[in-house]
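These values consider heavy atoms only, across backbone and side chains, with no hydrogens, waters or symmetry-generated copies. Atoms within each ligand, like the ligands themselves, are counted from 1 in listed order.
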Amino acid sequence: MKLSRDIGIDLGTANILVYEEGKGIVLREPSVVAVDKNTGKVLQVGAAARNMLGRTPGNIVAVRPLRDGVISDYEMTEKMLDQFLKKISKFSLIKPRVIVCVPSGVTEVEERAVIQATMEAGARRVYLIEEPYAAALGAKLDITGPDGHMVVDIGGGTTDIAVLSLGGIATSSSIKIAGDTFDEAVAAFMRKRYGMIIGLNTAEEVKITIGCVYDRPEPVSMLVKGRDLKTGLPKEEMVSSVDLMEAFKRPARQIVDEVLAVLELSSPELVADVARNGIVLTGGGCQLYGFDFLISERTEIPCTIADDPDSCVALGCGKSLEWINSMQEGTINLARRKLMKEG
Ligand SMILES: Nc1ncnc2c1ncn2[C@@H]1O[C@H](COP(=O)(O)OP(=O)(O)O)[C@@H](O)[C@H]1O
Ligand SMILES: [Mg+2]
């Protein structure tokens, strides 16, 4: 009998998902920590902490410790993981082995920070795999053979783009333009157009409800509430999807340009494969209306959104638990080497 179940963690900049062997996804929480500034004590983590963002009294701050892609606040990341792992492994006697997904192209220092934070949060062993690789597994792409596939994972803090084949990553890129960038664009637009200040939670809600990066068949609009820049008094405005699309043009183009850049770096054979297989989108941010259309149009390659795009990385991480015994601690490469042998 196994005394502890292995787990996989999608350590996202916006959301953390935990996959438990034999069970599936057992935890899904925003990566937010609420801290008492005076004592340094962690008050809440996850959804409870997120609700405090932007509406906390003076001595409480809500932070997103992974906001910019990797660990920007080490101590908070560790405390947050600690709370999450406690939630799911209350009854196990032995600490779990953990596979964590990290963005492709993380530095060695960043790798070590992730490993250390996960160990301190209660893991027995930590293994790293690359996020686009997990995303591809979770999107059920067959990446073991020589046939090339492209995955574009649009998260909160980063967009990870990769061409995969032979169980590995052939070309990839990670940029810090993703879901958060569009929230900021909504806030900047409201300020400039209407002299109105809105919080980032509101900006995200507006983005999800009416945002788009490609013409909607019918424009939509929504009433947005905030505060007047000058008077500080409450204010509301009707905002249209057409205006937002304009505000999203630049970041949307930057993402598509990066997709084109990765294609350009790939061998002609792989590009031909991708053209045949299509581009697959994963990550919460790819659900912004029209990303699939926009990428198809600019690359001239069919583009589809994976099933349950929010969960792909966690599901792929869970899938990779199957070969955890042949993985090596402290490196991100072994998972794919193992697959290559099988392929
Ligand atoms: N329906 C939606 N439409 C547009 N954006 C969405 C939608 N659902 C989630 N998002 C965005 O997805 C991002 C989070 O994606 P996620 O893959 O969880 O990020 P990460 O992997 O960085 O934690 C956020 O910016 C969020 O606003
Ligand atoms: Mg992610």
Side-chain angles (χ1 to χ4, degrees), residues 8-19 25 27-33 46-47 50 53 64-72 77 80-81 84 100-106 114 128-139 151-162 172 174-187 199-214 216 220 222 241 244-245 247-248 251-252 255 280-294 305-318:
I9 301 181
D10 167 8
L11 195 60
T13 62
N15 295 292
I16 294 191
L17 280 72
V18 179
Y19 185 107
I25 294 171
L27 181 137
R28 187 190 296 267
E29 295 261 7
S31 356
V32 180
V33 187
R50 186 183 200 270
L53 262 181
R64 281 179 50 192
L66 296 149
R67 193 176 167 97
D68 293 321
V70 206
I71 297 187
S72 12
T77 303
M80 180 172 68
L81 273 177
F84 288 152
V100 186
C101 290
V102 290
S104 59
V106 291
V114 173
L128 304 179
I129 64 170
E130 281 168 298
E131 215 176 321
Y133 175 83
L137 281 177
V151 174
V152 179
D153 181 276
I154 307 176
T158 61
T159 294
D160 287 272
I161 304 161
S172 69
S174 177
I175 53 169
K176 291 187 168 138
I177 296 168
D180 293 341
T181 320
F182 295 93
D183 301 347
E184 284 149 19
V186 175
L200 285 178
N201 279 354
T202 307
E204 183 186 24
E205 192 192 326
V206 175
K207 172 189 76 175
I208 291 176
T209 316
I210 61 166
C212 57
V213 294
Y214 198 89
R216 288 174 178 268
V220 284
M222 135 178 208
S241 58
L244 281 184
M245 192 172 127
F248 289 172
I255 289 175
V280 174
L281 304 184
T282 63
C286 82
Q287 298 163 95
L288 183 52
Y289 182 91
F291 252 124
D292 44 351
F293 302 136
L294 182 70
I305 296 174
D307 285 344
D308 195 3
D310 296 290
S311 310
C312 285
V313 170
L315 293 173
C317 212

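R64 and D180 are joined by a salt bridge, as a carboxylate oxygen and a charged side-chain nitrogen come within less than 4.0 angstrom of each other.
Closer than 4.0 angstrom to ligand 1 by heavy atom are G12, T13, A14, N15, G155, G156, G157, G179, D180, E204, K207, I208, G283, G284, G285, Q287, L288, sorted by chain and number.
Contact between V151 and A136 at its shortest, heavy atoms only, is CG2-CB, 3.7 Å. Closest heavy-atom contact between S172 and A162: CB-CB, 3.8 Å. Looking at every heavy atom in both residues, K207 comes nearest to F182 through CD-CB, 3.5 Å.
Contact check for L81 versus I9: side-chain heavy atoms found under the 4.5 Å cut-off.
Under the ring pair (Phe, Tyr, Trp, His ring centres under 6.0 Å) criterion, Y19 pairs with no residue at all, not counting sequence neighbours.
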